[in-house]
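These notes concern the structure reproduced below.
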Amino acid sequence: MSAEGVPVDWDKARRSAYEAGRAAAGPGERVPLAEADGRTLAEPLCALTDLPAFPTSSIDGWAVRGPAPWRPVGRVLAGHTPAPLTGDGTCVEIATGAMVPSGTAALLRVEESGRDADGLVTGTPRSAPEWRLPGEEATRGEQLLGAGTAVDPAVVGLAATCGHETLAVRRAARAAVLIFGDELLTGGVPGDGRVRDSLGPQVPGWLRRYGATVGPDDVAGPVRDTLDAHVDALRAALAGADLVCTTGGTMHGPVDHLHPALAALDAEYVVNTVAVRPGFPMLLARVTDPDGRARFVAGLPGNPQSAVIALVSLVAPLLAGLHGRELPELPQVTAGADVAGRGGFTHLALAALDPHRGTATPVGHVGSAMLRGLAQAHGFVVVRPGTQATAGDRVPFLPLPLHPGERP
């Protein structure tokens, strides 16, 4: 493999990363409903029964038969199968959610009913039915959600209500993080030529928000600045992970060993350098096991903001593909201020979103090595090559997943 690469258009790089993940997506697995939140449906979710499965009262009141007044002959509560109403002029007290007895002509709300001197129930039922009919929401065998749907608590609840105990979901990708750079401190205050590592603490959180599994033992480093150490660290991480994110070493300096290490592992580039600013020296490579299984290495730049741009540009699409989800279309927002272009490169400009006005306004402190702007932003205004954005223009917006489990 060649370490030299012509910068790939940002949109094309994003699509290539997604397609690589989609091609490598493994088979689904069945998990209990309690473990399905945050996963992705591997097959359509279908109703196992009509919803509702039986006629269900929408009110507290009376199930009546024949003309008023009605003689109470019993009560039906939720969870019980009632006897049929067989005689005109009779009724049963009924609770919300209870099964409507066969023979019922109408339901009468308790607050709209009364009793006469003989204890008979009086009132006028509303003309619209006060119960839900079988199959009103769904019919048995009907597809409710398609494969590729992100599972959230509402999906779990829907699966439960139509009778499922488990869901077929995509296996969550396991990720690892390798920190490169002898100059990095893992604790304390930076000084004396050494800087504090900010990517080891934050990259796992971004990966989890994109659906990957990252444990405390899946973050290693700083790895010594030698080729052998890089090769050994990558080989060890790839043994247990579907994706390894590295930080730093994506250029071709005297201590940048990532490209030679990938060559030693017989990796092939999916994307080698992207025409985006900030974040230019990024990559995505594929290592294929002897059994044909693909594993991936995402080379993130050492500068923190550039590293996050590599995550949103290459890693997020890759994980969407691995998890069997669609690559999200970028929403359109209104630029809250002018945003300069970057010539032949796509410019991802950190911006704060005003959801009420639908505007995205660039934030300050956005140098490649800075994180202050990132901490104040909700995502990136996307300015395509050869263009610029003027305040008031409609522009694409690439959101950050700011909350755990948020869909990418």
Any donor-acceptor N/O pair, Ser16 side chain to Lys12 backbone, under 3.5 Å: yes
Given 3.5 Å as the limit, does a donor-acceptor pair link the side chain of Asp152 with the main chain of Ala154, or not? yes
Where is the tightest heavy-atom contact between Cys91 and Val121, given as atom of each residue plus distance? SG-CG2, 3.9 Å
From CG (Leu234) to CG (Leu258), nearest 0.5 Å: 6.5 Å
Is any NZ, NE, NH1 or NH2 atom of the basic residue among Arg30 and Glu35 found under 4.0 Å from an Asp or Glu carboxylate oxygen of the other? no
Arg39 bridged to Glu29 by N-O distance under 4.0 Å: yes
Assess whether side-chain contact (heavy atoms from CB on, under 4.5 Å) is satisfied between Arg277 and Thr346, documenting all intermediate values. CA-CA 6 Å; Arg277 297 290 190 184; Thr346 294; over 6 Å; no
Heavy-atom closest pair (Gly279 atom, Pro301 atom, distance to 0.1 Å) is O-CG, 4.0 Å
Would you check if the side chain of Arg372 reaches a backbone N or O of Val366 as a donor-acceptor pair within less than 3.5 Å? no
Donor-acceptor pair, distance only, cut-off 3.5 Å: does the side chain of Ser313 make one with the backbone of Ile309? yes
Are Arg286 and Phe296 in a cation-pi setup, meaning NZ or CZ lies under 6.0 angstrom from the ring centre and within 45 degrees of the ring axis? no
Between the side chain of Thr247 and the main-chain N/O of Cys245, is any donor-acceptor distance below 3.5 Å? no
Show me the pairs that pass side-chain hydrogen bond (donor to acceptor under 3.5 Å, both in side chains) and involve residues 76-88, at least two apart or across chains. Arg65-Asp88
Locate the shortest heavy-atom distance separating His323 from Arg171; write the atom from each residue and the value. CD2-O, 3.7 Å
Between Phe345 and Val274, is any pair of side-chain heavy atoms under 4.5 Å apart? no
Show the nearest heavy-atom pair for residues Val333 and Ala360, with the distance to one decimal. CG2-CB, 3.7 Å
Once the angle between the rings of His230 and Phe180 is folded into 0 to 90°, is it parallel (under 30°), tilted (30 to 60°) or perpendicular (over 60°)? tilted
Would you say Thr390 and Asp338 are linked by a side-chain donor-acceptor pair, where the criterion is simply a distance under 3.5 Å? no
May I ask you to test the Glu130-Pro125 pair for a side-chain heavy-atom distance under 4.5 Å? no
What's the shortest heavy-atom distance between Leu207 and Leu311, and which atoms? CD2-CD2, 4.0 Å
Between Arg170 and Glu43, does the salt bridge (Lys or Arg N to Asp or Glu O under 4.0 Å) criterion hold? Intermediate values first, please. CA-CA 9 Å; Arg170 293 287 183 183; Glu43 60 185 44; over 6 Å; no
Using a 3.5 Å distance criterion without hydrogens, assess whether the side chain of Asp60 forms a donor-acceptor pair with backbone atoms of Ala95. no
Is the backbone of Val92 close enough, under 3.5 Å, to the side chain of Arg75 for a donor and an acceptor to pair up by distance? no
Would you say that Asp266 contacts Val287 through its side chain, given a criterion of any heavy-atom pair below 4.5 Å between the two side chains? no
What closest approach, in Å, do Leu144 and Ala138 show between heavy atoms, and which atom pair accounts for it? CD2-CB, 3.6 Å
Donor-acceptor pair, distance only, cut-off 3.5 Å: does the side chain of Asn272 make one with the backbone of Leu283? no
Below 4.0 angstrom, N of the basic side chain to O of the carboxylate: do Asp289 and Arg295 qualify? yes
